[in-house]
Amino acid sequence: MKPQAVIFDLDGVITDTAHLHFVAWRTVAAEAGIVIDEHFNDGLKGISRMASLERILRHGGKEAEFDQAAREAVAARKNAIYVDALSQLTPESVLPGIPALLAELKAQGVKIGLASVSLNAPAILRALGLQTHFDFCADAGKLRRSKPDPEIFLAACAGLNVTPAQCIGVEDAQAGIEAINASGMLSVGIGKGLRQADLLLESTVELTWSRLQHFWNQQQREHAPSH
Ligand code: B16
Ligand code: MG
């Protein structure tokens, strides 16, 4: 037995751009007189650009000072700084274990999907040299509801022509784990302190095909109807 598809989050699973997001947010937050640290930034993982800005303004008690037009200007400036920093990414920036896992999934005939809320996902995949490795990438620009809503994972399943029950989702953010669980897929969390992941791994080094296959078989046995 094996899953029909594995659907990956991007930032924090395929590559780690959290620090680049942090540096860009810290710059625009400082311009607005708001101080954020790395710990605060952890809570922005998997959260969309505008929702991240909203959290930063709330953190600084400045929500009332920024109307929609002002927010869009700050978000655009943050994105320009971030996109500039993305030029640092190369195929070397792919997290350890991921190239081997993608190759093994392909060899096994398991479909590969992407469920990132980043509007920069296509550019990031190109910079990493991975744009041809995914069978379907859900379009973050078409999302109506952000993670923890399951919408993006369901869109990835639909694009791959599989049902959630046939899939594994991989995430590094709490909101993402909740989105996977709500979609009906099995969830794999990467990193420490994630709650409710069906399988929690410390890093992508442990994210191997044999680990996933073992996990899949174990889950199918546990949930098989008893006679
Ligand atoms: P962008 P993921 C998320 O990517 C990041 O974790 C989050 O920090 C970021 O705000 C969000 O993408 C939006 O990114 O500004 O590039 O559209 O984890 O869903 O791959
Ligand atoms: Mg992520």
Side-chain angles (χ1 to χ4, degrees), residues 6-29 36-57 59 71-89 93-95 98 112-128 130-131 133-134 136-156 169-180 182-183 187-194 197 200-201 203-204 207:
V6 178
I7 299 176
F8 294 86
D9 171 51
L10 177 59
D11 287 336
V13 173
I14 301 289
T15 189
D16 195 0
T17 54
H19 190 71
L20 306 182
H21 278 294
F22 171 58
V23 170
W25 279 129
R26 185 179 56 187
T27 304
V28 295
I36 60 166
D37 59 16
E38 296 249 21
H39 176 69
F40 177 85
N41 189 63
D42 278 349
L44 302 180
K45 286 183 183 169
I47 305 292
S48 74
R49 196 180 307 163
M50 289 309 278
S52 298
L53 176 58
E54 206 174 305
R55 285 193 186 201
I56 291 168
L57 293 176
H59 176 70
R71 286 176 192 218
E72 274 164 24
V74 174
R77 175 154 162 69
K78 179 268 172 178
N79 193 51
I81 298 169
Y82 176 66
V83 168
D84 200 40
L86 287 178
S87 62
Q88 300 169 26
L89 294 183
S93 316
V94 179
L95 285 170
I98 295 294
I112 302 172
L114 190 79
S116 167
V117 299
S118 174
L119 296 165
N120 293 299
I124 295 173
L125 288 184
R126 273 197 303 278
L128 298 174
L130 291 180
Q131 68 273 39
H133 289 58
F134 289 80
F136 183 77
C137 298
D139 184 349
K142 291 194 180 139
L143 273 190
R144 278 163 306 154
R145 294 175 300 278
S146 215
K147 299 169 186 175
D149 190 282
E151 184 180 359
I152 192 162
F153 284 98
L154 294 175
V170 189
E171 260 288 351
D172 70 313
Q174 187 59 39
I177 294 292
E178 288 166 27
I180 295 173
S183 76
S187 57
V188 176
I190 304 293
K192 294 197 180 88
L194 291 172
L200 187 58
L201 302 174
S203 78
T204 53
L207 187 66

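Below, each value reflects all heavy atoms present in this structure, side chains not excepted, and no hydrogens, waters or symmetry copies. In each ligand, atom 1 is the first atom listed, and ligand 1 is the first ligand listed.
- For A51 against I47, the heavy-atom pair with the smallest separation is CB-CG2, 3.5 Å.
- Not one N or O of Y82 is nearer than 3.5 Å to an N or O of ligand 1, by distance alone.
- Every atom of ligand 1 is numbered from 1 in the order shown, and the set under 4.0 Å from a heavy atom of L119 is 1 (P), 16 (O), 17 (O).
- At least one N or O atom of S116 sits closer than 3.5 Å to an N or O atom of ligand 1.
- Residues H19 and E38 form a side-chain contact, since some pair of their non-hydrogen atoms from C-beta on lies under 4.5 Å apart.
- Considering backbone and side-chain N/O atoms, S118 comes within less than 3.5 Å of an N/O atom of ligand 1.
- With ligand atoms numbered from 1 in the order given, ligand 1 contributes 20 (O) to contacts under 4.0 Å with heavy atoms of L10.
- Of all protein N, O or S atoms, those under 2.8 Å from the Mg ion (ligand 2) number 3.
- Within the 4.5 Å cutoff, the side chain of F134 has no heavy atoms near those of the L10 side chain.
- Across I124, L44, T15, heavy-atom proximity to atom 8 (O) of ligand 1 is greatest for L44.
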Discussion item. Working note: R26 + V23, criterion side chain to side chain contact (heavy atoms under 4.5 Å, CB included); need CA distance, chi angles, decisive distance, verdict.
Written reply: CA-CA 5 Å; R26 185 179 56 187; V23 170; 4.1 Å; yes
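- The atoms of ligand 1 that sit less than 4.0 Å from any heavy atom of S52 are 10 (O).
- No donor-acceptor contact under 3.5 angstrom links the side chains of H21 and K45, judged on distance only.
- Remark: minimum distance from atom 4 (O) of ligand 1 to any protein heavy atom is reached at D11 OD2, 3.1 Å.
- R55 places a side-chain N or O within donor-acceptor distance of the main-chain N or O of G43, the cut-off being under 3.5 Å.
- Every atom of ligand 1 with a heavy atom of D9 under 4.0 Å away is listed here by number and element: 2 (P), 18 (O), 19 (O), 20 (O).
- Short contacts between ligand 1 and K147, defined as distances under 4.0 Å to a heavy atom of the residue, involve ligand atoms 19 (O).
- Considering backbone and side-chain atoms together, G46 places an N or O closer than 3.5 Å to an N or O of ligand 1.
- When each atom of ligand 1 is checked for a heavy atom of N120 under 4.0 Å away, the hits are 1 (P), 16 (O).
- Of all protein heavy atoms, the one closest to atom 11 (C) of ligand 1 is I47 O, 3.3 Å.
- Panel note: side chain T15, backbone S93; a donor-acceptor pair is recorded below 3.5 Å.
- Of the N or O atoms in R49, one or more lie within a sub-3.5 Å distance of an N or O in ligand 1.
- With a 4.5 Å cut-off on side-chain heavy atoms, L44 and I56 count as touching.
- More than 12 heavy-atom neighbours from other residues, nucleotides or ligands sit within 6.0 angstrom of CZ on R145.
- The residue T17 has no part lying near ligand 1, judged by heavy-atom distances below 4.0 Å.
- Proximity of F153 to E171: side-chain heavy atoms (C-beta onward) are separated by under 4.5 Å at one or more points.
- L53 places none of its side-chain heavy atoms less than 4.5 Å from the side chain of K78.
- By the 3.5 Å distance cut-off applied to N or O atoms, K45 is not counted among the residues near ligand 1.
- The heavy-atom pair separating D172 from D11 by the smallest distance is OD1-O, 3.0 Å.
- Between the side chain of E151 and the backbone N or O of R144, at least one donor-acceptor pair lies under 3.5 Å.
- When the heavy-atom distances from atom 19 (O) of ligand 1 to D42, V117, I152, L86 are ranked, the shortest goes to V117.
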